[in-house]
Student: 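Could you have a look at this structure, given as structure tokens, before my questions?
Below, chains carry the letters A, B, ... as their sequence lines are ordered, and counting in each starts from 1. Source: prediction; values computed, not measured.
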Amino acid sequence: MLDVGRHPNIELMAYTEVEKVEGEAGDFRVTVRRKARYVDEDKCTGCGACAEKCPTIVPDAFNQGLGTRKAIYSWFAQGIPSTHTIDPDHCRQLNGKKCGICKKTCQADAINFEQEDRIIEVGVGAIIAATGYDVFDPSKIPEYRYREIPNVVTAIEFERLLSASGPTGGHLHRPSDLAVEAEIDALEKKARKSEKALKRFEEKYGESSSEFFEKYERGEYQDDDRKKWADKFKEHLGTVKPLETLKRKAEGFTVAKRLAFIQCVGSRDFRFYPFCSGYCCMHSVKEAIIAHEHEPETTSTIFGMDIRAVGKGFEEYKIRGGNQSGISYVRARVAEITEGENHNPIVTYEDTRERVVKSVEFDMVILATACAPGKEAPELARILGVELNEFGFFKTDRAQPLDTTRPGIFTCGCAHSPMDIPESVAQASGAAARAAQVLIESQMREAS
Amino acid sequence: MSKDILVIGGGIAGIQASLDLAEMGFHVKLVERLPSIGGKMAQLDKTFPTNDCAI
Ligand SMILES: Cc1cc2nc3c(=O)[nH]c(=O)nc-3n(C[C@H](O)[C@H](O)[C@H](O)COP(=O)(O)OP(=O)(O)OC[C@H]3O[C@@H](n4cnc5c(N)ncnc54)[C@H](O)[C@@H]3O)c2cc1C
Ligand code: SF4
Ligand code: SF4
């Protein structure tokens, strides 16, 4: 990834969208919109001092909303380019309020609230659409109760929980527990604030708030200032009491150890996508192996119609997971997930070997969601003047699998169809060769 | 005639296509709609079947 940022032949335009494509193979004119970051790309050093000081906290999309970031942010720590970006939906200054803290903090003078989108026209001979896929939204399957049961998560959310650079530092804390901890943090902040206010009264009147409050309750004081003090003290108690309860509850929290993975969520399902997404069986095996590496007591059950380990070294990987990483494979299609005690998800399924319906409780359930076509693919297809297939991936032909329906425009990776990383890389090299061919052919035509 | 090529999408597929073309001597413009490139792969902890780090 670093090489892309450094290669002299690559001009990287991030935070940019394609708006118009005219011309033909060998000679396209493309209009792009370079969206305003409100941060000067040439000046920003990526130091992050601005983000540290920014007071506005926003759910972090890179961490699938499991963590938070600031209104000025980098997409992720090692991101390229490392230029920070101001989120115009949340920044106070850009929404008419007073702030500008980041501008004052930035040593490189990179913040510019006046920055505007720039429209640029570029001439290119060929185009490759490598716009990838979207994670299928499992809330379309109501019986799995994603979003209703906090400890039912998608596989991509689980990746972030496993990651050492993720919101939990790689510890498998359950979302229900994380929610309690976030509440504790918020209450502690509130308690610190009210403590400060109480302290001011205590210094002024030379007695502790609790002593004062006893007398106040007996009716010894009537003045307005002391009434304010009493109100503050009541408010403080209203914060501290639930805080204590939550803290006691949090003492009992442990990491998730009984995991269930549910395969084909949205894939091989005629209600959604009839195709197999190809990579999800393998990422469930992977996630179960890594969870076991983090915490050796972890056991995982992978529920699937079958485990599709089709690829170099995949079957061996699957078997190794079963032998060494506490994974059991259960042949079943899960009918329903319900919520048990302590926010534990309960998985109900038909065991097709024993022919009985079973319900088993887990600490966490991970949904292996389908590789869905990009939501914005139709718009891009319209701009590019190419067709999509019946699912919404770029339409290609069997004989020319990387050519879209418009000459000079190619596709690769999950924009083409569901595939894993090695396949995406191989296709990308193929698409690069096809694009090079167009340029070389038109060069030769011009020369002759 | 332009010697440039446009790659739309900075996930692993777009990155690989850009690098290949750049190595062949073509000028590449790589457009990514998010603030940084990397796509889904950047969000992955490790990758199967070798469990190498994703980035
Ligand atoms: C949970 C999970 C775990 C996985 N684990 C593995 C694994 O271990 N090993 C493995 O081989 N595979 C794994 N995969 C599959 C892997 O994610 C894909 O194979 C790979 O990311 C496909 O790369 P891509 O570049 O085609 O698409 P993407 O990664 O989706 O990248 C597309 C890029 O294009 C950008 N883009 C989209 N639309 C536009 C537009 N209109 N204009 C400009 N830019 C745009 C996007 O922002 C994105 O950066 C996993 C998938 C999931 C869901
Ligand atoms: S102006 Fe304030 S809210 Fe906006 S990004 Fe800067 S520090 Fe954050
Ligand atoms: S890879 Fe596995 S989980 Fe994904 S759709 Fe195919 S069979 Fe289902």
Student: Can you confirm whether B:Ser36 sits close enough to A:Ile80 that some side-chain heavy atom of one is under 4.5 Å from a side-chain heavy atom of the other?
Tutor: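 B:Ser36 vs A:Ile80: side chains apart.
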Student: For the residue pair B:Phe26 and A:Ala436, what are the closest heavy atoms and their distance?
Tutor: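 For B:Phe26 versus A:Ala436, the nearest heavy atoms are CE1-CB, 3.5 Å.
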Student: Give, as side chain, backbone, both or neither, the part of A:Thr85 having an atom under 4.5 angstrom from any heavy atom of chain B.
Tutor: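 When you check distances to chain B, only side chain atoms of A:Thr85 fall under 4.5 Å.
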Student: Do side-chain atoms of B:Lys40 reach the backbone of A:Val135 as a donor and acceptor pair under 3.5 angstrom?
Tutor: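 Pair absent, no side-chain N/O of B:Lys40 close to backbone of A:Val135.
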Student: Counting only non-hydrogen atoms closer than 4.5 Å, does A:Ile409 touch chain B with its backbone (N, CA, C, O), its side chain (CB onward), both, or neither?
Tutor: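 No part of it gets close to chain B.
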Student: Relative to chain B, which segment of A:Ile289 carries a heavy atom at a distance below 4.5 Å: side chain, backbone, both, or neither?
Tutor: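 Answer is side chain: those atoms of A:Ile289 sit under 4.5 Å from chain B.
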Student: I need the minimum non-hydrogen distance between B:Ile5 and A:Ala435, along with the two atoms involved.
Tutor: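 So the two residues come closest at CD1-CB, 4.0 Å.
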Student: For B:Ala42 versus A:Phe62, what's the shortest heavy-atom pair and its separation?
Tutor: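 Closest pair (atom of B:Ala42, atom of A:Phe62, distance): O-CZ, 3.4 Å.
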Student: Go through A:Ser165, A:Gly413, A:Ser163 and name the one with the most non-hydrogen pairs under 4.5 angstrom from chain B.
Tutor: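 Ranked by contacts with chain B, first place is A:Ser163.
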Student: Out of curiosity, A:Asp3 CG to B:Ser18 OG, how far, rounded to the nearest 0.5 Å?
Tutor: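 That separation rounds to 11.5 Å.
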Student: When you look at B:Val31 and A:Val18, which way does the side-chain contact (heavy atoms from CB on, under 4.5 Å) test go after all the steps?
Tutor: CA-CA 8 Å; B:Val31 167; A:Val18 175; 4.2 Å; yes
Student: Tell me which of these, A:Tyr133, A:Tyr73, A:Phe410, has more heavy-atom pairs under 4.5 Å with chain B than the rest.
Tutor: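 Option with the top pair count is A:Tyr133.
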Student: Does the plane of the ring in A:Phe314 sit parallel, tilted or perpendicular to the ring in B:Phe48? Use 30° and 60° as the thresholds.
Tutor: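 Perpendicular: the ring planes of A:Phe314 and B:Phe48 meet at over 60°.
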Student: My understanding is that only residues two or more places apart in sequence, or in another chain, count here; which of them pass side-chain hydrogen bond (donor to acceptor under 3.5 Å, both in side chains) with A:Arg33?
Tutor: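 A:Arg33 satisfies side-chain hydrogen bond (donor to acceptor under 3.5 Å, both in side chains) with A:Glu19, A:Asp117 only.
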Student: If I measure from the heavy atoms of chain B, does A:Phe158 come under 4.5 Å with its side chain, its backbone, both, or neither?
Tutor: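 Contact with chain B is absent: no heavy atom of A:Phe158 under 4.5 Å.
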Student: Which residue pairs satisfy the side-chain hydrogen bond (donor to acceptor under 3.5 Å, both in side chains) criterion with at least one member in residues 7-16 of chain A, sequence neighbours excluded?
Tutor: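 As it turns out, the side-chain hydrogen bond (donor to acceptor under 3.5 Å, both in side chains) pairs with a partner in residues 7-16 of chain A, which skip direct neighbours, are A:His7-B:Glu23, A:Glu11-B:Lys29, A:Thr16-A:Arg34.
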Student: Give, as side chain, backbone, both or neither, the part of A:Ile156 having an atom under 4.5 angstrom from any heavy atom of chain B.
Tutor: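 Side chain of A:Ile156 only, per the 4.5 Å heavy-atom cut-off to chain B.
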Student: Once you round to the nearest 0.5 Å, how far does OG1 of B:Thr47 lie from NZ of A:Lys286?
Tutor: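 B:Thr47 OG1 to A:Lys286 NZ: 6.5 Å, rounded to 0.5 Å.
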Student: Is it the backbone or the side chain of A:Glu376 that comes under 4.5 Å from a heavy atom of chain B, or both, or neither?
Tutor: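 A:Glu376 touches chain B through side-chain heavy atoms alone.
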Student: With a 4.5 angstrom heavy-atom cut-off, is it the side chain or the backbone of A:Val425 that approaches chain B, or both, or neither?
Tutor: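 Contact with chain B: backbone and side chain both.
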Student: So which of A:Ala129, A:Gly132, A:Gly313, A:Ser429 has the largest heavy-atom pair count under 4.5 angstrom toward chain B?
Tutor: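 Option with the greatest count: A:Ser429.
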Student: Counting C-beta onward and ignoring hydrogens, is there a side-chain heavy-atom pair between A:Ile10 and B:Leu19 closer than 4.5 Å?
Tutor: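 Yes, side chains in contact.
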Student: Taking all atoms of both residues into account, what is the closest heavy-atom pair of A:Ala428 and B:Gln16, and its distance?
Tutor: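 Taking every non-hydrogen atom into account, CB-CB, 3.7 Å.
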Student: Which is it for A:Ile128 and B:Ile8 under the side-chain contact (heavy atoms from CB on, under 4.5 Å) test, yes or no, and what are the steps along the way?
Tutor: CA-CA 6 Å; A:Ile128 297 175; B:Ile8 312 171; over 6 Å; no
Student: Identify which of A:Val32, A:Leu162, A:Asn63 forms the greatest number of heavy-atom pairs closer than 4.5 Å to chain B.
Tutor: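 Going by pairs under 4.5 Å, I would pick A:Leu162.
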Student: Kindly compute the distance separating CD (A:Glu287) from CG (B:Leu44), expressed to the nearest 0.5 Å.
Tutor: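 One gets 8.5 Å once the value is rounded to the nearest 0.5 Å.
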Student: Counting only heavy atoms closer than 4.5 Å, note whether A:Ala164 contacts chain B via side chain, backbone, both or neither.
Tutor: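 Just its backbone gets close to chain B.
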Student: Let's go through B:Ile12 and A:Ser424 carefully: what are the C-alpha distance in whole Å and the side-chain angles of both, what is the deciding distance for side-chain contact (heavy atoms from CB on, under 4.5 Å) to 0.1 Å, and is it a yes or a no?
Tutor: CA-CA 7 Å; B:Ile12 184 61; A:Ser424 300; 4.2 Å; yes
Student: With only heavy atoms counted, which part of A:Ala415 is less than 4.5 Å from chain B, the side chain, the backbone, both or neither?
Tutor: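 Neither part, no heavy atoms under 4.5 Å.
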Student: How long is the gap from OG1 on A:Thr131 to CD on B:Glu32, to the nearest 0.5 Å?
Tutor: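 Rounded to the nearest 0.5 Å, the OG1-CD separation comes out at 10.0 Å.
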Student: What closest approach, in Å, do B:Pro35 and A:Pro81 show between heavy atoms, and which atom pair accounts for it?
Tutor: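 For B:Pro35 and A:Pro81, the tightest heavy-atom pair comes out as O-CD, 3.7 Å.
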Student: If only atom types and distance count, is the side chain of A:Arg160 paired as donor or acceptor with the main-chain N or O of B:Gln43 below 3.5 Å?
Tutor: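 Yes, A:Arg160 side chain to B:Gln43 backbone: donor-acceptor pair under 3.5 Å.
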Student: Please state whether the side chain, the backbone, both or neither of A:Lys312 comes within less than 4.5 Å of a heavy atom of chain B.
Tutor: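 The backbone, not the side chain.
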Student: Evaluate A:Glu293 against B:Lys46 for side-chain contact (heavy atoms from CB on, under 4.5 Å), listing each step before the verdict.
Tutor: CA-CA 12 Å; A:Glu293 278 170 12; B:Lys46 292 182 178 142; 4.0 Å; yes
Student: Side chains of B:Leu6 and A:Ile127: does their closest heavy-atom pair fall under 4.5 Å?
Tutor: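 Counting from C-beta outward, B:Leu6 and A:Ile127 do come under 4.5 Å.
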